[in-house]
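See below for the structure under consideration.
Note that the structure is predicted; figures quoted are calculated from it, not measured. Nothing fancy with the numbering, it's 1 onward along the sequence.
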Amino acid sequence: MSAHESMEHAEHAEHASGSNKKIALLIAVIALFLALSETLGKGAQTESISKNVEASNLWAFFQAKSIRRTVVQSVSEQAKLSLGVMGDDAAKAALQKQIDDWQKTAARYRSEPSTHEGSEELAERAKHAEEERDLATAKYHHFELASAAFQIGIVLASATIITGILALAWISGLLALAGIGMTALGIFVPHLLHLH
């Protein structure tokens, strides 16, 4: 091998080495964003599950309160019918007091602002938990798509090192940008795209 050929071979090896370092840096940066999107995705998924459980519990509590209120109202209405046929004034007064107590209890089951455990307040709390669940789910979908873009980008960048096809590195970079965009959407405007 002549000196000229040796120099060309060394220059080519040096160029390939520099190119591989750039690709390795690209892979490292994409891996960093992948870790971020995976962490955000796991957090959003956990919040979504938590808020779903909270909403389900609140709706179950709402149903229990509604059933109790219906039972108390029914008993109160039944007792009102008995008032007309009662002759004893003392028994009538006692029954009227009981009817009043039942009506107060039914009203408390419907709305109890002090504890936020009346059926109206429970319904509002459950709806709020559902909104938070839906927000977390929307974020999760964006982060999952971002993670997929980052993973494919890493694979393509790695393939660039093996094949030497620079177009794969460019596609990898574009996928990384798409992943960054999806992550940003997930953080700032998760309801912009409907990905369900």
Side-chain angles (χ1 to χ4, degrees), residues 5-64 115-117 120-196:
E5 289 175 339
S6 293
M7 295 260 310
E8 281 184 17
H9 185 65
E11 286 176 6
H12 180 64
E14 186 179 317
H15 176 69
S17 173
S19 219
N20 285 348
K21 285 181 183 178
K22 289 177 185 174
I23 300 299
L25 181 60
L26 175 63
I27 291 170
V29 170
I30 295 173
L32 172 70
F33 283 112
L34 173 61
L36 176 67
S37 69
E38 287 287 328
T39 301
L40 291 170
K42 185 54 75 179
Q45 183 183 37
T46 301
E47 184 177 353
S48 176
I49 292 168
S50 173
K51 291 301 179 181
N52 192 49
V53 169
E54 181 183 341
S56 295
N57 288 342
L58 288 167
W59 282 122
F61 197 13
F62 167 85
Q63 288 174 333
T115 63
H116 300 288
E117 291 185 353
E120 290 176 357
E121 291 83 10
L122 289 169
E124 284 304 311
R125 289 171 54 198
K127 288 175 188 174
H128 182 68
E130 287 176 336
E131 289 169 4
E132 289 179 331
R133 175 205 59 205
D134 293 344
L135 177 64
T137 301
K139 288 180 178 186
Y140 171 70
H141 289 302
H142 283 79
F143 299 143
E144 282 295 295
L145 285 175
S147 293
F150 293 136
Q151 289 170 358
I152 294 168
I154 289 171
V155 169
L156 292 178
S158 300
T160 303
I161 294 172
I162 297 166
T163 65
I165 301 172
L166 285 178
L168 295 176
W170 284 101
I171 294 170
S172 173
L174 291 174
L175 282 168
L177 290 175
I180 291 168
M182 289 305 288
T183 301
L185 287 175
I187 293 170
F188 300 111
V189 283
H191 287 302
L192 182 66
L193 304 176
H194 297 285
L195 303 173
H196 306 289

Quiz item: What distance do I49 atom CD1 and T137 atom OG1 have between them, rounded to the nearest 0.5 Å?
Solution: 9.0 Å
Exercise. Calculate, to the nearest 0.5 Å, the distance between atoms CD and OG belonging to E144 and S37 respectively.
Key: 8.0 Å
Practice problem: Mind checking the CD-CG spacing from E54 to L58? Nearest 0.5 Å is all I need. | Solution: 5.5 Å
Exercise. State, yes or no, whether a side-chain contact exists between L40 and K139 at a heavy-atom distance under 4.5 Å.
Key: no
Quiz item: What distance separates L26 CG from T160 OG1, expressed to the nearest 0.5 Å?
Solution: 8.0 Å
Quiz item: How would you list all residue pairs meeting salt bridge (charged side-chain N to carboxylate O under 4.0 Å, His left out) that involve residues 165-194, not counting sequence neighbours?
Solution: none
Quiz item: What's the verdict on side chain to side chain contact (heavy atoms under 4.5 Å, CB included) for L36 and F143, showing C-alpha distance, side-chain angles and the deciding distance?
Solution: CA-CA 9 Å; L36 176 67; F143 299 143; over 6 Å; no
Self-check item: Short side-chain to backbone donor-acceptor contact, S48 and A44, under 3.5 Å
Solution: no
Quiz item: Heavy-atom distance under 4.5 Å between the side chains of L145 and H141, does that happen here?
Solution: no
Quiz item: Of all heavy-atom pairs between A138 and P190, which one has the smallest distance, and what is that distance?
Solution: CB-O, 3.5 Å
Practice problem: Find the distance between CD (E117) and CG (L122) and round it off to the nearest 0.5 Å. | Solution: 6.5 Å
Practice problem: Taking only Lys NZ, Arg NE, NH1 and NH2, and the carboxylate oxygens of Asp or Glu, determine whether K127 and E130 approach each other closer than 4.0 Å. | Solution: no
Exercise. Check for a donor-acceptor pair, side chain of T163 on one end and backbone N or O of A159 on the other, with a separation under 3.5 Å.
Key: yes
Practice problem: Output all residues satisfying side chain to side chain donor-acceptor pair (under 3.5 Å) with H128, sequence neighbours left out; order by chain, then residue number. | Solution: E132
Self-check item: Results of side chain to side chain contact (heavy atoms under 4.5 Å, CB included) for E38 - residues two or more places apart only
Solution: L34, S147, Q151
Listed pairs under 3.5 Å, donor-acceptor, residues 166-184 side chains, sequence neighbours left out:
| from | atom 1 | to | atom 2 | distance (Å) |
| --- | --- | --- | --- | --- |
| S172 | OG | G153 | O | 2.6 |
| T183 | OG1 | G179 | O | 2.9 |

Quiz item: What distance separates D134 CG from N52 CG, expressed to the nearest 0.5 Å?
Solution: 9.0 Å
Exercise. Measure across I23 and A157 and return the closest heavy-atom pair with its distance rounded to 0.1 Å.
Key: CG2-O, 3.1 Å
Quiz item: Got a sec, which residues hit side chain to side chain donor-acceptor pair (under 3.5 Å) with R125, two or more places apart in sequence or on another chain?
Solution: none
Quiz item: Residues in side chain to side chain contact (heavy atoms under 4.5 Å, CB included) with V189, at least two apart?
Solution: L185, L192
